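Letters go in sequence order (proteins before strands), and every chain restarts at 1. Since we're looking at a predicted model, the values are computed, not measured.
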Amino acid sequence: MNLIEKYPVELYNTLSRKKELFKPITEGHIGIYLCGPTVYSDPHLGHARGNIGFDVMNRYFQYLGYKVRFVRNVTDVGHLEDEVQGAGEDRISKKARLEKLEPMEIVQKYINSYRKYMDMLKILQPSIEPTASGHIIEQINIVKNILEHGFAYEVNGSIYFDVMKYMESGKRYGELSGKIVEDLMSGSRNLEGTEEKKNPVDFAIWKKAKPEHIMKWDSPWGEGFPGWHVECTAMSAKYLGVPFDIHCGGMDLQFPHHESEIAQCNGAFGKSPVNYWMHNNMLTIDGQKMARSLGNFITLEELFNGSHEKLEQAYTPMTVRFFTLQTHYRTPIDFSNEALQAAEKGLNRLMNSLDVLNSLTYTKENELNQNLEKEINELIESCFLSLSDDINTPQTLASLFDLSKHINSFKDGKTDLGSISKETFNNLKKYFNDFVTVILGLEKENSGNNDKLDGVMKLVLDIRKQARENKDWPLSDKIRDELAKAGIQVKDGKEGTSYSIN
RNA sequence: GGCGGCGUGGCCAAGUGGCUAAGGCGAAGGUCUGCAAAACCUUUAUUCAUCGGUUCGAAUCCGAUCGCCGCCUCCA
C-alpha cells in the first residue's frame, strides 16, 4: 500500500467551512496556486507565515508521492494604490517614481529580495512563478471572455465586472467570504472615481490608463492595465486549468480578491476555478495588528539581523520557521520576543535529538520491550496522521518531541537500544529524519561543522580530557568556559565529550 | 453597522461529544558530574472567558454575556 492510500489527507475548505477529504482532479497529481507577493516592498513576517504553512503542505504531498505543480505568482502590476488620491496610479509605478527607478527595476529588486528570504526560510521554490506583467495577453483574453458572456461592461475604456448580472445568472457573489451583496452595497462608500460603476460592488477588470501612467498596455479598449484580480484567474487557468485543486493565500485575500476570482472565472469559463480554498490566519505583534503606522512592521531582514526596535535579539530563519509551525496555520499567531526565544530553545532541543539519533549505532537485539516498540511505531504513525489532518504541524512536532525523549534515553543508556527491534530502530531513524528535515523543512543552521573545525575541537577536547584526568580543574574549566564564550557548548556524556555550536 | 474568527496551566499551543486535557518554554525536586552545562526521570490545569441550556456524558453542540482579532479599502 502506498503512502497516498495509507494516509488520506483532509483539508479545511473555506468554501464549505469544514474539513473535507482531499481528492485530486487527476490521480496522483496536484495543482496548487498560492497568491504571491505584490513586489513593491521588502518581504515581512506575514509573507513568512503563509508561505511556511503551505510549504509544509507542498512538501508533505510530495513526500506521500504526489506530483505537485506549485504555482506562486508575482504581482508586479495592476494593484491600485488608491482609487481616489492615486487616481488609478499603479503601486509599482508610484514607488518607481519615488525611488527614481524603472518600474521593472523595482519589481526585480523586490522579487530578488523575496526569493532570497524565502530561500533562507527553506521554502521550496515554486514549480512556476509567473508574473502578472508577463501575462497581459492572457488577462486581456479573460476580460474579453467575460465581456462576451455578458458579465462585464465597458465605460470610457475601463471594463467592470457586473455583479448583478452574475447574481441573476444564479451565482452567488459572496459564497467564499460569506458576504451578502446587499450589505456590501449599503456599506460601501461611494468613492470619487468609482462613479463609472453601475453598482458600487462592481469591480474593475481592466482600467483605462491616464496619459502619465507608466505601466500600460494596448488592448481592444485602448491603453490600460488589468484589474486587481484578473492575473490570478488568467495565470491559474493557464498553468493549472479550470478547475484546479487547491488555491491558498492569506485570510485577508478572501474578500475581495478570491471572491472576485471565483466570479471572474465563472464569468469567463462558466465554471468555478477551485475545489479547495485554503486560507492561513493573520499574525499580530504583541497582540496588535502588524502595520507600518503602528511601528511594529517587521521585515524579514530586520527579524534575521535583530535591527528592529521591537526585537530584543536577532532570530534565525529556522527559529522563525519552527515557531510558525508550532501554531496551526488557521490560528492567529502572535509574535513576541518571549515566544520566539522559547521557540529557539525548542528547536535546539529537537535538532540535538536529530544529531543524537544519527550518531546511534544499532548493535544487537536483546530482549524486546513490546510496549516501547509499540509506542515508537505509534508516534511515527501519528506524525503522518497529524499532517494528514489539515496539516496539523503543532501535533506533528509534539509527536517528534515524544520521540526525542526516547532517542535521548537510548543515547544515555537509560534504555537499551537492543530493546527495540532493528526494524523499529531503522523506522525511527528514517522517519524522524524525514519528518524533521524533508517535510517540516527544519535543518541545522550555522552548523559550521566541517572537517577542519572537527579536527581542532578534537584536539581541544583531548587536552581538556587530559586535564580532567589530572584533576587540573582550572585548565579544564577554562577550556569549557572560553569555548562557551565563543559560542561553542561542550557536552560531557557517558560516551565522551561532544560539542555544538549555538 | 455587516461578515468571519478567537478566548485552554506562569507564557506559547494541540485537542472540537466519552480512556488519567498533547507538546514546547519556564519553574521545582532528583539522577549524572570534580563543580557545571547537556541529557534523562519526576512534579507543575478536577479544569478549558462567564452564565445558562441540550445530552447518560461537553473544553468540544446550542443560546446569551464579556473580552480580543481580522475583513468590509491595497495587504500573506
Could you walk me through whether A:K485 and A:E482 satisfy the salt bridge (charged side-chain N to carboxylate O under 4.0 Å, His left out) test, starting with their C-alpha distance in whole Å, then the side-chain angles of each, then the deciding distance to 0.1 Å, before giving a yes or no? CA-CA 5 Å; A:K485 277 186 202 163; A:E482 290 298 317; 3.4 Å; yes
Tell me: [atom1] of [X] to [atom2] of [N], nearest whole Å?
X	N	atom1	atom2	result
A:D202	B:rC72	CG	P	18 Å
A:L45	B:rG70	CG	P	15 Å
A:I180	B:rG1	CD1	C1'	13 Å
A:F410	B:rA38	CZ	C1'	19 Å
A:H258	B:rG4	NE2	P	19 Å
A:N13	B:rG5	CG	P	14 Å
A:D389	B:rU16	CG	P	7 Å
A:N348	B:rA39	CG	P	8 Å

Pick the [atom1] atom in [N] and in [M], then give their distance to the nearest Å.
N	M	atom1	answer
B:rG24	B:rA14	C1'	11 Å
B:rU43	B:rU20	C1'	15 Å
B:rA13	B:rA59	C1'	15 Å
B:rC75	B:rC6	P	24 Å
B:rU50	B:rC12	C1'	24 Å
B:rG2	B:rC48	P	30 Å

Please confirm whether any donor atom in the side chain of [X] sits under 3.5 Å from an acceptor in the base of [N], or the reverse.
X	N	answer
A:N392	B:rG15	no
A:K411	B:rC40	no
A:D481	B:rA36	no
A:R480	B:rA37	no

Which one, [options], comes nearest to the side chain of [X]?
X	options	answer
A:F401	B:rC75, B:rG23, B:rA38	B:rG23
A:D492	B:rC25, B:rA37, B:rC11	B:rA37
A:W473	B:rC75, B:rG34, B:rA14	B:rG34
A:Q395	B:rA14, B:rA76, B:rC40	B:rA14
A:K405	B:rC41, B:rC12, B:rG70	B:rC41
A:D477	B:rG34, B:rC75, B:rG23	B:rG34
A:R468	B:rA22, B:rA39, B:rU33	B:rU33
A:K179	B:rC12, B:rG5, B:rC71	B:rC71
A:D402	B:rA76, B:rA22, B:rC25	B:rA22
A:T38	B:rG70, B:rC75, B:rA14	B:rC75

Taking the six-membered ring for Trp, are the ring centroids of [X] and [Y] within less than 6.0 Å of each other?
X	Y	result
A:H258	A:H279	yes
A:F203	A:Y160	no
A:F435	A:F384	yes

Got more than 12 heavy atoms from elsewhere within 6.0 Å of NZ, A:K465? no
Tell me which one of A:F54, A:F70, A:W277 satisfies ring-ring contact (aromatic ring centres under 6.0 Å, His included) with A:H247. A:W277
Between A:R72 and A:E129, is there a side-chain N and carboxylate O pair less than 4.0 Å apart?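 Result for this pair is yes, salt bridge flagged.
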